[in-house]
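Protein chains get the first letters and strands the later ones, always in sequence-line order, with residue 1 at the start of each. Keep in mind that what you see is a predicted model, and the values were worked out from it rather than measured.
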Amino acid sequence: MSAPLSLGPARPVPLSAVNPVAQLSAVLVVTCVLLISGDLVTPGVLLAAELALLPAAGLSRPGDVLRRTWPLLLSALGVAWVNVAFGSLDGAEAWVSGATWALRVVALALPGILLVASTDPVRLADALTLHWRVSTRFAYGSLAALRLVPLLAAEWETIRLARRARGVDGGRNPVAHVRLLASTAFALLVGAIRRGSRLATAMDARGFDSGVTRTNARGSRLQPLDRCFVVGAVVLCAAAVTASVLSGAWSPVFS
Amino acid sequence: MEGPVPPRDTLGAPRVPGTGPFEHEEVGPATVRLAGFGFRHASRRAWAVQDVDLRIEPGERVLLTGASGSGKSTLLRALGGLLEPESGDATGELSVDGAAPDRRRQRVGVVFQDPDAQLVMTRAGDDVAFGLENTGTPPELIWPAVDTALDAVGFGLGRDHATAALSGGQKQRLVLAGALAPRPGLLLLDEPTAQLDPDGAALVRAAVARAVADRSATLVVVDHDVESWLPLVDRVVELLPHGGTVEHPPGWRPAPLRVPVRWVHPPGEVLLAGEAAGFTHRGGARPALAPTDVALRAGRTLAVTGPNGTGKSTLALLLAGLRAPTTGRVVAAATVTAGLRRPERPPHRWPAAELATRIGTVFQQPEHQFLTGRVRDELALGPLRSGAGAAQARATAEELLERLGLAALADANPFTLSGGQQRRLSVATALATSPRVLVLDEPTFGQDRETWAELVALLAEQQDGDRALCLVTHDAAVVTALADDVCTLGAPVPG
């Protein structure tokens, strides 16, 4: 019915050449530095680098970037506004504090967006199970479950319409609307659990998690590029912190 | 694209694909033995399967049939070693190649009904490889086996095709390839075409025929649709409702469908009409339903047919007042709109309670429509919502219970009924509010012969001079049995 939500193989982009676990390691490094730093310069430098990577993740058109990031931008604005409006600081200091917070939020979340845009879900599961020894039950189980999510949207619509056909709607009563929403959600949940258990049986029948050591048909290779990527992230973070210290802006959160 | 690379951590001793680490390695088609076999699900008093004696020789193709509720699927799960010992009690003997089925899991490939509840991966090739990975097949042997399996089922779209972008029939064909890739000695199919349209079902049956042509696997198909499988199978074994089996002799054919005698009414007034009604999903590139003219007349039954993707179900939703057409309009006659507070509004803007008393809808999946915990309450719900008093609603419910033979189930939970009973109940709930127009989406889809005949008889009874019926269906037999007029939707509009 509605196709746009479907979980498909990700279109390969230049950044896909970097192994997902290398990308995750880089994200981890950047996240740590951003959580420690409390100034404007560090997230500024890191954000500039992240923005430079957008085209490599296939996000070169402003429209595409906006579609992926609007919830993030909205929440960053919200954080900034709360800081300016309700913070203990006044005047220019308040604005600096708000901007710092907004910048940190964007710089923290953007690597995740880059990862999602450039990583095929199956390759992520492969990399996690092969390199980080994440349990195959968890990784491929999640993958299979994710495939069912788009089906829920179609199911929700069908249940809603089927109830209207039975003479049940919220009418003008907001309480009835909430109750209807809750009962539709419950019906959806019951359906999802039933489908999920059928999926589990089918995976069982295909020998999943049967105690035999699983092999991997695609493999997941770590290349020199992956090491460079992680090292690059570390160097970048060092540069950002150095710039911050030299400019006198450095103010770690726990000092 | 990277080539297949052995993973760092796991490379067991090289093995031939399809041979298990359990016991000695068996190859070739499997032997199945059942002697006095029975199974009872925990918490149930009745046996799901009872007194089954059956010998299936290597390479044989057997169809297991029987009415819904006869335990076909339970038996198939038992053969696949998929019944957990703690999920119920088993009696008698059951063996695959001389051992308990749960020790032979790697010798068995299974295909179930719902393709979406069987695919795991996002790409076709990866999904076929999934089973081979699970059995610990070395990576260098996986891709040749995947290609062989894809070829065996005639899947021509390539390994990298997105599984989400496949039709139901193609998905199910891919599931079959996944089951065949580890070269099972026993292939079990549990109503593999029940959720597919006729084209998809034919595609899957052709793939099965192709895959088992060399008799390298023993085949057991469970289905109530006997006729479609007859050309492919050697034996037909019917499970009897109260235990035991009967094997039909070669050349046996099922009795013809019971078609009710019905009274044909002259065309009455047009109760509901679609005028160039069409629908395009938000953001959709092409219409889900091209502009269509259609009229439902009192006393007549209109069948809407046509290939998949032409918008049959969408048309049903527009006529049922559940969706707003994006082009054209749906108009109800004055006799239908009488009593509405805003009769000038189109059906999709009527309040639900007023819609239910004028246009009734029966969805493809009855469970989507059930809202209460008792059959009796389910029937009283519609009248109550549309303003009938409690006494009146109870009386309507009791009358329908009697008329539709559901009286014995009045206090049962609708979700625990059999498929056929659920279908009858969903029709009954729509009738409870006595709508002038009744819209049914695939009412006979996936039903066994007994239920089919019951449903068709029930619908024939609704064809009185006052009411208009609209059937959206793939089922040519239903069209012949019930329809006065047929509206065939054309080929999808090219993008």
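Contacts of A:L151 with chain B are made by side-chain atoms alone, with heavy-atom separations under 4.5 Å and no backbone atom involved. For chain A, the nearby part of B:E367 is the side chain; its heavy atoms alone come within less than 4.5 Å. With a 4.5 angstrom heavy-atom cutoff, B:E84 touches chain A only via side-chain atoms. For chain A, the nearby parts of B:L119 are the backbone and the side chain; heavy atoms of each come within less than 4.5 Å. For a residue to count as touching a neighbouring chain, one of its non-hydrogen atoms must lie under 4.5 Å from one of that chain's; by this rule B:V108 touches chain A with the backbone only. Contacts of B:D114 with chain A are made by side-chain atoms alone, with heavy-atom separations under 4.5 Å and no backbone atom involved. Heavy atoms of B:A129 lying under 4.5 Å from chain A belong exclusively to its side chain. Looking at B:P101, there are no atoms closer than 4.5 Å to chain A (heavy atoms on both sides), in backbone or side chain. Using a 4.5 Å cut-off between heavy atoms, B:F130 touches chain A through backbone and side chain atoms alike.
In this structure, A:R214 is positioned above the aromatic face of A:Y140, its NZ or CZ under 6.0 Å from the six-membered ring centre and within 45° of the axis.
Checked by atom type, the side-chain pair A:S183/A:R163 shows a donor-acceptor distance below 3.5 Å. In this model, a donor atom of one side chain and an acceptor atom of the other lie less than 3.5 Å apart for A:N19 and A:S220.
For the set B:T361, B:V110, B:L82, the entry with the most heavy-atom pairs within less than 4.5 Å of chain A is B:L82. When each of B:I142, B:V146, B:L322 is scored by its heavy-atom pairs under 4.5 Å with chain A, the top score falls to B:L322. When each of B:D126, B:V362, B:V175, B:L381 is checked for heavy-atom pairs under 4.5 Å with chain A, B:D126 comes out on top.
Between B:L166 and B:A162 the shortest heavy-atom distance is CG-O, 3.7 Å.
Of the charged side-chain nitrogens involved, none lies within less than 4.0 Å of a carboxylate oxygen, so that B:D127 and B:K171 do not count as a salt-bridged pair.
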